[in-house]
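The sequence lines fix the lettering, A, B, ..., with proteins before strands; numbering per chain opens at 1.
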Amino acid sequence: MSEQDAAGNNFLRSIIRKDIEAGRLEGELVTRFPPEPNGFLHIGHAKSICLNFGLAEHFGGKCHLRFDDTNPAKEEQSYIDAIQEDITWLGFNWSGPVRYASDYFDTLYEYALHLIREGKAYVCELSADEAREYRGTLTEPGRNSPYRDRSSEENLALFEAMRAGEFDEGSKVLRAKIDMSAPNINLRDPIIYRIRKQHHHQTGDKWCIYPTYDFTHGQSDAIEGITHSICTLEFEDHRPLYEWFIENLPVPAQPRQYEFARLNVNYTVTSKRKLKALVDEQVVAGWDDPRMPTIAGMRRRGFTPRSLRHFCEMVGVARSEGVVDVAMLEHAIRDDLDKNAPRAMCVMAPLKLVITNYPEDKVEWLSAPGHPNRDDLGTRSLPFTREVFIEQDDFREEANKKFKRLVLGKKVRLRNAYVLLAEEVIKDAEGNIVEVHCSYDADTLGEDPADGVKPKGVIHWVSASHGRRAVVRCYDRLFNHESPDRGGEDFMQHVNPDSLQVFNDCWIEPGLADAPAESHFQFERTGYFVSDRIDHSTENPVFNRTIALRDSWAKAGGAE
RNA sequence: UGGGGUGUCGCCAAGCGGCAAGGCACUGGGUUUUGAUCUCAGCAUUCGUAGGUUCGAAUCCUACCACCCCAGCCA
């Protein structure tokens, strides 16, 4: 086993390995990723995707994509489309066609009839409220429904009438007859079919009764020959029911369910319900807003499939619930982009520098590496001119020795260019610094100054005459509370009001405007950015900040 | 005072009776035309607690404690 494998090792791999060794797998490993199309996929789903597809990849098996579409009231075709795009973007390919639990509605209906004929299911006419009462509580057993002992014939007739649309929604349900006194509430005659006079995105108006999750999932797994059905911990209590159906129905295979702990990340929410609320209440611009922990949002923010997959690998798979520090996610994307993103320069809050000893009309095209330690990323040309922009934060009239940038009367190196000396500050009537006049040392291109005194600072810059205007959006965490979830409905109160900051007067090196949408860069000394996949164009460049560079100076209070 | 789970470093997480991996975070040193990267070093005498078995226990046994999930005709 390679080190890589050892890192990705987890209890599920052990289980599968043992199954293979014991010859319990007749064919190959088959897993599935079963999203309900009622929202966009989020980072937690990414973990499940990496797990299910990753397991199949690792053991040379297959992974199906199956939409768990048993509740037409909440589902939409648009979500189906988005989910497929997310999975593909992450770099996974499902085996065979896109599948739907609704593909099996006919079979599921037959299974229900089978249960009825066996005396193991009945039509119940208790209202929802009554059913709740009869169900008992966590500590008290339930009571049998008065409809529990109908004959198979009567149940068959009633169920068929349900299917024919003869009853109102909520008036009747089909229940499995198991045990109303079971300590596991899921076994207290669970509802397996309910009446929903709803148009279904896949089956249209063919059905007015829909099977529940419990009655659908395991049987769908069996029909598809899923060998290991992996879900999150909250379904653990459903496993006995999953097994009950498999045992009591003429299904073609015997899948097994295994559970793992879902992913939680601090300073964020991973609940489709809450994410939908953020969209519906327009706290964000949409499911793919760069601040959203959705896969589409993170993509737009500038995360890469590789970084997300690496993150999921780092996080691991286990059965203990915990909260992963966002710092780990941030590490994953920085790590990837540091290695792979070409470098560029962008000034976000410009201050004009006039290099007084540089000829007015002169333009030098300086060569700069695409990446400091990757020659394969080539070089780029930077126009050097008399007037350049630097960051306002990179100049001070006076400063202590810790400030390694431009100070009046001191020297600094312009990244990939010359060393210059700040000689004069020009201010407006209010005393604001308007521009700084400097002189440059023509012998310092790629060389240290002749006097041997090396400037301690290096700052980025963009030609004022040849640079291009750009809009840069900086994103911060959407919530300013470590666990916005806790305490129930109040997560909206923790929304960070400053999660988006737009810079409209940014200057980028000219070549950057030609970047295609969704290109990743490191703006040196600033952070990692991506050209927006929707709004960016050569005419109107728009970049999103994916993540800032680590900044030990700021951390130590340097920016004070 | 039901059932099902989980408890190993600030956060994830290996470990499966032989003497506590790794990653993130953090701290300190070095390199550096990015206060980035890289690099070196440090970071659990201890595994929820208390007993017990054993030459030996995070790993086995017992009891206790804490936290999570379950009473949708959601998934």
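The residue A/P240 sits apart from the nucleic acid: no heavy atom pair falls under 4.0 Å. Residue-level contact check: A/G446 touches the bases, meaning some heavy atom is under 4.0 Å from a base atom. Residue A/N71 is in sugar-phosphate contact alone, with no base atom involved, counting any heavy-atom pair closer than 4.0 Å across all strands shown. Among the heavy atoms of the strands lying under 4.0 Å from A/Q522 is at least one base atom, whether or not backbone atoms are also near. Using a 4.0 Å heavy-atom distance criterion, A/K454 is classed as a sugar-phosphate-only contact. Contacts of A/V419 with the nucleic acid, taken as non-hydrogen atoms under 4.0 Å apart, are absent. Contact annotation for A/R334: no contact, since no heavy-atom pair falls under 4.0 Å across all strands.
Judged by distance alone with a 3.5 Å cut-off, no donor-acceptor contact links the side chain of A/R550 to the base of B/rU37. Residue side chain A/R132 does not reach the base of B/rG72 through any donor-acceptor N/O pair under 3.5 Å, judged by distance alone. With hydrogens and angles ignored, no donor-acceptor pair closer than 3.5 Å exists between the side chain of A/N184 and the base of B/rG4.
Nucleotides B/rU8 and B/rG3, compared at atom P, are 25 Å apart to the nearest Å. B/rA58 sits 12 Å from B/rG7 when the C1' atoms are compared, rounded to a whole Å. Between the C1' atoms of B/rC19 and B/rA44, the separation comes to 15 Å (whole Å). Between B/rC60 and B/rA66, the distance separating the two C1' atoms is 23 Å to the nearest Å. Remark: the separation of the P atoms in B/rC68 and B/rC55 is 41 Å, to the nearest Å. Rounded to whole Å, the C1' atom of B/rC9 lies 39 Å from the corresponding atom of B/rA71. Look at the C1' atom in both B/rU31 and B/rU39: the space between them is 7 Å, to the nearest Å. Between the P atoms of B/rC69 and B/rC12, the separation comes to 16 Å (whole Å).
Put simply, A/R13 has no side-chain N or O that comes within less than 4.0 Å of OP1 or OP2 on B/rA14. Between A/T70 and B/rA75 there is a side-chain polar atom (N or O) within less than 4.0 angstrom of OP1 or OP2. When the side-chain nitrogen and oxygen atoms of A/R239 are compared with OP1 and OP2 of B/rC69, none of them lie within a distance under 4.0 Å. Phosphate proximity of B/rC26 to A/K555: present, with a side-chain N or O under 4.0 Å from OP1 or OP2. Contact annotation: A/R194 side-chain N/O to B/rC74 OP1/OP2 distance is under 4.0 Å. Look at A/R343 and you won't find any side-chain N or O under 4.0 angstrom from OP1 or OP2 of B/rU34. Under 4.0 angstrom from either OP1 or OP2 of B/rU6 there lies at least one side-chain N or O belonging to A/R319. Applying the 4.0 Å criterion to OP1 and OP2 of B/rA13, one finds that A/S320 has a side-chain N or O inside that range. Contact between the side-chain N/O atoms of A/H331 and the OP1/OP2 oxygens of B/rC24 is found at a separation under 4.0 Å. In terms of phosphate contacts, A/S552 brings a side-chain nitrogen or oxygen within less than 4.0 Å of OP1 or OP2 of B/rA36. The phosphate of B/rC70 (OP1 or OP2) has no side-chain N or O of A/R135 nearer than 4.0 angstrom.
With B/rU34, B/rG2, B/rG23 as the choices, the nucleotide that has an atom nearest any side-chain atom of A/L549 turns out to be B/rU34. Looking at the side chain of A/V315, the nearest of the listed nucleotides B/rU34, B/rC73, B/rC12 is B/rC12. With B/rC24, B/rC38, B/rG5 as the candidates, the nucleotide lying closest to the side chain of A/A327 is B/rC24.
In this model, a donor atom of one side chain and an acceptor atom of the other lie less than 3.5 Å apart for A/R32 and A/H217.
When each of A/Y528 and A/E447 is assigned the nucleotide of RNA chain B bearing its nearest heavy atom, the one mapping closer to the 5' terminus is A/E447. Between A/P211 and A/G316, it is A/G316 whose nearest contact on RNA chain B lies nearer the 5' terminus.
When rounded to the nearest whole Å, the span between CG of A/N186 and P of B/rG5 equals 13 Å. Distance NE2 (A/H238) to C1' (B/rG3): 12 Å, rounded to an integer number of Å. Rounded to an integer number of Å, the gap from CD of A/Q198 to C1' of B/rC73 is 13 Å. In this structure, the CD atom of A/E234 is 15 Å from the P atom of B/rG5, given to the nearest Å. Residue A/L233 contributes atom CG, which lies 19 Å from atom P of B/rG3 at whole-angstrom precision.
At most 12 heavy atoms of other shown residues, nucleotides or ligands fall within 6.0 angstrom of atom CG in A/D375.
Ionic pairing of A/D394 and A/R525 is present here: one or more N-O contacts between side-chain nitrogen and carboxylate oxygen are shorter than 4.0 angstrom. Remark: A/E509 engages A/R380 in a salt bridge, criterion side-chain N to carboxylate O under 4.0 Å. Under a 4.0 Å N-O distance rule, the pair A/R239/A/E259 qualifies as a salt bridge. With respect to the salt-bridge test (charged N to carboxylate O, under 4.0 angstrom), the residues A/R66 and A/D103 do not qualify.
Applying side-chain contact (heavy atoms from CB on, under 4.5 Å) to A/Y528 and the options A/T304, A/D338, A/D336 leaves one that passes, A/D338.
Across all strands shown, B/rC26 is found opposite B/rG42 as a Watson-Crick or G-U wobble partner, with both distances under 3.5 Å. Shown here, B/rG17 forms no base pair; nothing in the strands shown gives a Watson-Crick or G-U wobble contact with both key distances under 3.5 Å. Under the Watson-Crick and G-U wobble criteria, each requiring two contacts below 3.5 Å, nucleotide B/rA71 is left unpaired. B/rA66 is paired with B/rU6 under the criterion used here, namely a Watson-Crick or G-U wobble arrangement in which both key atom distances are under 3.5 Å.
Aromatic ring pairs are classed by plane angle as parallel below 30°, tilted from 30° to 60° and perpendicular above 60°; the pair A/H331 and A/H310 is tilted.
In this structure, the ring of A/Y134 has its center no less than 6.0 angstrom from the ring center of A/Y147.
By the criterion of a centre-to-centre distance under 5.5 Å and near-parallel planes under 30°, the ring of A/Y213 forms no stack with the base of B/rA75.
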